[in-house]
Protein chains: 2
Amino acid sequence: MPRGNCRGQGWWHGKFQGCGYRLTAGREAILDILSKSEGHLSAEDIYMKVHPKYPNVGLTTIYRTLDVLSNLGMVSKLDFGDRRARYELAEGPKGAHHHHHLVCTDCNKVVDYTDFIDDEVELLRETEKGLGAKYNFKITNHIIQFYGLCNKCSAKK
Amino acid sequence: MPRGNCRGQGWWHGKFQGCGYRLTAGREAILDILSKSEGHLSAEDIYMKVHPKYPNVGLTTIYRTLDVLSNLGMVSKLDFGDRRARYELAEGPKGAHHHHHLVCTDCNKVVDYTDFIDDEVELLRETEKGLGAKYNFKITNHIIQFYGLCNKCSAKK
DNA sequence: TTGTTAATGGAAACCATTTTCATTAAGGAG
DNA sequence: CTCCTTAATGAAAATGGTTTCCATTAACAA
Ligand SMILES: [Mn+2]
Ligand SMILES: [Mn+2]
Ligand SMILES: [Zn+2]
Ligand SMILES: [Zn+2]
């Protein structure tokens, strides 16, 4: 029977063990928030959501934890050009929900899309292989983003 | 016969006229430096290169001018994740030298590549059309970047 | 040449993120 | 369970690229 304050039951529990990281309340709080939230949260967004339930987790820890999670590949750090990093859960254990982003340069609206994703992923894989070989890079990651005006913003002009 | 201090003869002269922008010494200095430099310069890089010849052009003007040039489409603003914007001339009048970037996450080395660019551009064009229609976006721009470790950095580990 | 006003430079402000450092607590050893 | 090592933390201060402010200058149309 689980104790009241029982931690370490999340699907991510094992992820920390192997890497020598400690499983702390702050880290769980952040993963918890990320897995329950839609969208692309900034460090401060996350802080605001974590704070009511864990008032003793500071913004610094949010930054540090996001960095760790990002290095572990559990969280993706995103840049939409609005001068603050944004984060989303990379993948649940369920499997892929790989997507790319479409960004409005005016109101900063962001659309997750998976259309064309298969063609994109295939081309990316080929390109990665080719570039890696030609330039001796060990490629680990890629970005594809489209920028433009959403319908509201393009009407406004 | 051109006077000694004759300005306004660059290929970009006309670009300003139509848009109500004034052709100033600072703007010419920056375009001049960008067209003579290889690579991806930060605002401060540009300031350093402009300063010896135009000591009265301030860093603020560099930022403002890069913003204007970027809006005019004459300069591309780049982000390689090293916490400072970088800039490169978008296109001379000669035509396309469209390329994408391969970035080492360790030493920040950046490779311009054009390999696979035709396949990439074709897929991008299709995707842009599809996404634009589906999500009612007027897409103006895209980013593709690959991240990884260059051979030196991956040997170092 | 003159007048309008866009453009400018220097200093100060901004603000997301990082660093510092004293304190706390995760988790392995015993 | 208790101890111990040291990773992790919070608060406050520092950092540093970029933006804002404002008085002054100069591009260029009339
Ligand atoms: Mn997303
Ligand atoms: Mn380039
Ligand atoms: Zn918009
Ligand atoms: Zn490298």
Side-chain angles (χ1 to χ4, degrees), chain A residues 3 5-10 12-31 40-48 50-51 54-72 75 77-87 108, chain B residues 3 5-10 12-31 40-48 50-51 54-72 75 77-87 108:
Chain A
R3 285 168 295 157
N5 194 22
C6 182
R7 297 206 334 269
Q9 303 311 314
W12 51 70
H13 186 193
K15 283 273 189 181
F16 286 102
Q17 303 298 340
C19 307
Y21 289 111
R22 294 176 182 179
L23 185 59
T24 67
R27 285 170 181 176
E28 284 217 302
I30 292 168
L31 281 166
H40 312 94
L41 282 60
S42 68
E44 193 163 358
D45 290 340
I46 295 169
Y47 175 71
M48 306 274 239
V50 165
H51 194 69
Y54 304 82
N56 45 347
V57 171
L59 183 55
T60 310
T61 289
I62 306 279
Y63 276 107
R64 278 188 291 226
T65 298
L66 287 169
D67 211 45
V68 169
L69 295 174
S70 182
N71 289 335
L72 286 177
V75 159
K77 186 176 183 178
L78 308 170
D79 170 20
F80 299 137
D82 66 340
R83 199 145 292 293
R84 69 206 321 162
R86 297 187 170 273
Y87 302 84
N108 282 103
Chain B
R3 284 168 296 158
N5 195 21
C6 183
R7 296 206 332 270
Q9 303 310 313
W12 51 72
H13 185 192
K15 283 271 189 181
F16 287 103
Q17 302 298 340
C19 308
Y21 289 111
R22 295 176 181 178
L23 185 59
T24 67
R27 285 170 183 178
E28 283 217 304
I30 291 168
L31 281 167
H40 312 94
L41 283 60
S42 68
E44 194 163 359
D45 290 340
I46 295 170
Y47 175 71
M48 306 275 240
V50 165
H51 194 69
Y54 302 84
N56 45 347
V57 171
L59 183 56
T60 309
T61 291
I62 307 278
Y63 276 107
R64 277 187 292 226
T65 298
L66 288 169
D67 210 46
V68 169
L69 295 174
S70 182
N71 289 335
L72 286 176
V75 158
K77 186 177 185 178
L78 309 171
D79 169 20
F80 299 136
D82 66 340
R83 196 148 296 295
R84 69 208 319 164
R86 297 186 171 273
Y87 303 85
N108 282 104

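In what follows, chains are A, B, ... by sequence order, proteins preceding strands, each numbered from 1. Because the structure is a prediction, the values reported are computed rather than measured. Every heavy atom of this structure was used, including side-chain atoms; hydrogens, water molecules and symmetry mates were not.
- With dA8(D), dT9(D), dG17(D) as the choices, the nucleotide that has an atom nearest any side-chain atom of T65(A) turns out to be dT9(D).
- Checked against dT18(D), dA16(C), dA26(C), the side chain of Y63(B) finds its nearest nucleotide in dT18(D).
- We find the NZ-CG distance between K15(B) and L23(B) to be 14.0 Å, quoted to the nearest 0.5 Å.
- Put simply, CG on D82(B) is 13 Å from C1' on dG16(D), counting in whole angstrom units.
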Practice problem: Carefully, step by step, assess Y87(B) and I30(B) under the rule side-chain contact (heavy atoms from CB on, under 4.5 Å). | Solution: CA-CA 11 Å; Y87(B) 303 85; I30(B) 291 168; over 6 Å; no
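- Between D79(A) atom CG and dT18(D) atom P there is a gap of 12 Å when expressed in whole angstrom units.
- Side-chain N or O atoms of R84(B) include none that pairs as donor or acceptor with a backbone N or O of A43(B) at under 3.5 Å.
- Both A85(B) and R64(B) sit near DNA chain D, but only A85(B) has its closest nucleotide nearer the 5' end.
- The T60(B) side chain lies nearest to dA11(C) when the options are dA11(C), dT17(C), dA7(C).
- L23(B) places its CG atom 15 Å from the C1' atom of dA29(D), with the value rounded to the nearest Å.
- Atom CZ of R83(A) is separated from atom P of dA16(C) by 11 Å (rounded to the nearest Å).
- Of the candidate nucleotides dC21(D), dT9(D), dT17(C), dT9(D) has the atom nearest to the side chain of R27(A).
- Between the CZ atom of R84(A) and the P atom of dT18(D) there is a distance of 16 Å, given to the nearest Å.
- Look at OH on Y47(B): it is 15 Å from C1' on dG17(D), rounded to the nearest Å.
- Atoms CG and CD1, on L66(A) and I46(A) in that order, are 4.5 Å from each other to the nearest 0.5 Å.
- An OP1 or OP2 oxygen of dG27(C) is reached within less than 4.0 angstrom by no side-chain nitrogen or oxygen of R22(A).
- A donor-acceptor contact under 3.5 angstrom links the side chains of S42(A) and D45(A), judged on distance only.
- Proximity note for T24(B) (side chain, C-beta onward) versus dT20(C), dA8(D), dA27(D): the nearest is dA27(D).
- For I46(B) and dT18(D), the CD1 to P distance is 10 Å, given to the nearest whole Å.
- Atom CG of L59(A) is separated from atom P of dA13(D) by 16 Å (rounded to the nearest Å).
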